[in-house]
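A note on names: the letters A, B, ... follow the listed sequences, proteins ahead of strands, and every chain is numbered from 1. Because the structure is a prediction, the values reported are computed rather than measured.
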Protein chains: 2
Amino acid sequence: MPSAAGAKLKDVAALAGVSVGTVSNVLNRPEQVSTEKRSRVLAAIDELGFVRNESARSLRSGSTRSLGMLVLDVRNPFFTDVALGAENVAEDHKHSLILANSAEDSDREQAYLDLFEQQRVQGILITPFGNVLERLETMRSRGIPSVLVDRLARTDQFCSVSVDDVAGGATALSHLLSVGSVRPAFVGGPFTLQQVEDRYRGAADAAERAGIRLQLFETPDLKFERGRHVGDSIAKLQPNERPDAVFAANDQLALGLLQSFAANGLRVPEDIAIVGFDDIDFASQSSIPLTSVSQPRQLIGERAAGLLFDEIDDEPGHVHSQVVFTPELVARQSTRRG
Amino acid sequence: MPSAAGAKLKDVAALAGVSVGTVSNVLNRPEQVSTEKRSRVLAAIDELGFVRNESARSLRSGSTRSLGMLVLDVRNPFFTDVALGAENVAEDHKHSLILANSAEDSDREQAYLDLFEQQRVQGILITPFGNVLERLETMRSRGIPSVLVDRLARTDQFCSVSVDDVAGGATALSHLLSVGSVRPAFVGGPFTLQQVEDRYRGAADAAERAGIRLQLFETPDLKFERGRHVGDSIAKLQPNERPDAVFAANDQLALGLLQSFAANGLRVPEDIAIVGFDDIDFASQSSIPLTSVSQPRQLIGERAAGLLFDEIDDEPGHVHSQVVFTPELVARQSTRRG
DNA sequence: CCGTTGTAATGAATCGATTCATTTGTGAAC
DNA sequence: GTTCACAAATGAATCGATTCATTACAACGG
């Protein structure tokens, strides 16, 4: 249990009686070193408590063993799951993942991109918030590629991994119809969010195909509180003009509706059914388990990281690709047919 | 919008017509450079798109601008909140926080400590899982101090920031008594977890002081599913031998109980009241909002990071301190008195 | 015995920013 | 006019690991 402070490669070489080059080889290409010297070096490393200096390593070799990941909100379980998937892949490639939180703030987003650039990460996984695509392109031209996560690249300048929200919206609404809804409603907003727009469009189209009108309750955000608020106004409506089922643009909103309905004495699903979107853990853990549209979160992270490594490893021959997952519905009690 | 690839400090110096030392000064001590040269340098930096190489910087200067943080489970909202608090403080000190997930796995924990050591982080925030205290001490002796998070240091070798779980347990139980419980129960385990042990002891002592017996339902873990399972067996008991209130060791467990009781037709809080621990967001977002014992999560992270910087900045004179927060109860509908 | 081939090992040069001892320049003081 | 103080600027040395051209040596064939 040695505790010498700050041994460096040179010291190891001296103690083992070999050259610095040999020590470096033991660290990086152990198969090219004779068994005898290798074990002498390893013994010396152990005795001195030598830890290799990553700064020096990456300065000389020109490459860091790390990826940067920039998400909109670390507190959102969706993103931690995606990050988990990405981290697993990074680990397989012996890279580490630096997770950063733009917190839906353009300045922070820029600052973290600065940081990633300074740290010379090998690549970036990002759910863009502000207007950063142009910057990402110049970063790629300087050798730092990026992959868009949870956002379809409209250009073919990037790889992206996303989910087909239109299909998800259609699935959700079809499900409501299949359990007997004749007066469905959509709750969500703002429509400037592509995902809200897509989920609504999918649902509206599905309703139209069935010859049914989809009522709309537009909201300025997707938070729990907002759901409770909208829920209160829905509960106040006369039974004959009240929706018999709602599709909420995400689970937070859906949980808010659920709480409000419970507080207002509406029975779910008998009086009104609810389907959410994202299938966060708490959807299934609610008192009345929530039906939700599920996205393969870890898989999204894994594929994104996979694409990124493709581009890192094969820079010239790389062809950008857009991976789009189709979400699936998980039926639970909140839409159980009576 | 320049796109030259890989400009380095020397290039900037050449373009601005100054020495490399001056450019470095503009970057690090701008007040020591004349206004004229400073602006010439800044213009050159801009024109070349120069980004300083952090590896080279920290190799030469011997210090990185980063902290490592190692938590038990990034998917647990408790830890993301703590991390958020720590990150804010790190940002104030112009440091970045590298967040890693030991996932309650000793090997991963060791691997991340290796990584932190190689990256020469300035300090470490850690919720230890395996037996790492000894290693942390040798790391400190090599210049990397650490602070224990959500865990009271039993030695005075470390700073720590934690919560008084005994007091929290007592508060929870007193609350149940105050709303009229005469047959309370505790649900939680394993008792090898210090936190479970403490919360139970606090509750048991409070019950004893009131001359009331605290029933115990021990569990092998603290997960949602487990709560549902225990809830089912509690619901099967005869009304006269069934607890009239339960204190769950954490919110996951409490939510499981809640779901089970709802499914079994027990009314909360009329038939049985519930109090949880942690006050995660979803506690308040449940259909029946959950009373819970709340820990100042972000504050924990902030204080921990603060103590760490104290030690980093003032290595010789630093005295370790143990910060212990007292949690507080947030009463909601699940214990509303009838 | 010489030449060839291949494996191990060597160590000086290198990555790019920072540091610091030194030089240059300016103005004030005498 | 000389000295002194002080600010500004310089550039060579440096951090520590990696790289790669070179050397050392052994084995083998002819």
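The shortest distance between the side-chain N/O atoms of A/Arg29 and the OP1/OP2 oxygens of D/dT19 is below 4.0 Å. Proximity of B/Ser34 to the phosphate of D/dA8: no side-chain N or O atom is located under 4.0 Å from OP1 or OP2. One finds a side-chain N or O of A/Lys37 lying less than 4.0 angstrom from the OP1 or OP2 phosphate oxygen of C/dT10. Side-chain N/O atoms of B/Asn25 include none lying less than 4.0 angstrom from OP1 or OP2 on D/dA8. Between A/Arg52 and D/dT18 there is a side-chain N or O to OP1 or OP2 distance below 4.0 Å. Residue B/Ser19 has no polar side-chain atom (N or O) positioned under 4.0 Å from OP1 or OP2 of D/dG11.
Look at CG on A/Asn53: it is 18 Å from P on D/dT14, rounded to the nearest Å. The nearest whole Å value for the distance from the CD atom in A/Gln118 to the P atom in C/dT18 is 10 Å. The distance between atom CZ of A/Arg57 and atom C1' of D/dT19, rounded to the nearest whole Å, is 13 Å. Residue A/Glu31 contributes atom CD, which lies 12 Å from atom P of C/dA9 at whole-angstrom precision. D/dA8 atom C1' lies 12 Å from atom CD of B/Glu36, rounded to whole Å. Whole-Å rounding puts the B/Asn28 CG to C/dG16 C1' distance at 13 Å. The distance from atom CG of A/Asp11 to atom P of D/dG16 is 9 Å, rounded to the nearest whole Å. Rounded to a whole Å, the NZ atom of B/Lys8 is 15 Å from the P atom of C/dT18.
From A/Glu311, atom CD reaches atom CD1 of A/Ile144 across 12.0 Å, with rounding to the nearest 0.5 Å.
The residue B/Gly62 sits apart from the nucleic acid: no heavy atom pair falls under 4.0 Å. Within the 4.0 angstrom heavy-atom criterion, base atoms lie near A/Ser24. Nucleic acid contact for A/Arg38: none, since no nucleic acid atom lies under 4.0 Å from a heavy atom of the residue. Across all strands shown, B/Val23 has no heavy atoms under 4.0 Å from either base or sugar-phosphate atoms. Looking at heavy-atom distances under 4.0 Å, A/Arg120 makes no contact with the nucleic acid at all.
Which of D/dT10, D/dC15, C/dA13 sits closest to the side chain of B/Arg60 comes down to D/dC15. You'll find that the side chain of B/Thr22 is closest to D/dA9, out of D/dA17, C/dA17, D/dA9. When distances run from any side-chain atom of B/Leu27 to the nucleotides D/dT18, C/dG16, C/dT18, the shortest one goes to C/dT18.
Across the interface with DNA chain D, nearest-nucleotide mapping of B/Gly21 and A/Leu59 shows B/Gly21 to be the residue nearer the 5′ end. A residue-by-residue look at A/Ala56 and A/Gln32 shows that A/Gln32 has its nearest nucleotide of DNA chain C further toward the 5' end.
Between B/Leu67 and the options B/His93, B/Gln122, B/Glu87, a side-chain contact (heavy atoms from CB on, under 4.5 Å) holds for only B/Gln122.
Between B/Asp310 and B/Arg303 there is no salt bridge, since none of the side-chain N atoms of the basic residue sits less than 4.0 Å from a carboxylate O of the acidic one.
Judged purely by atom type and a 3.5 angstrom limit, A/Asp11 has no side-chain atom pairing as donor or acceptor with the backbone of A/Ala7.
The closest side-chain donor-acceptor pair between B/Ser66 and B/Ser96, if any, does not fall under 3.5 angstrom.
Taking the centre and axis of the six-membered ring of A/Phe158, the NZ or CZ atom of A/Arg140 falls inside the cone set by 45° and 6.0 Å.
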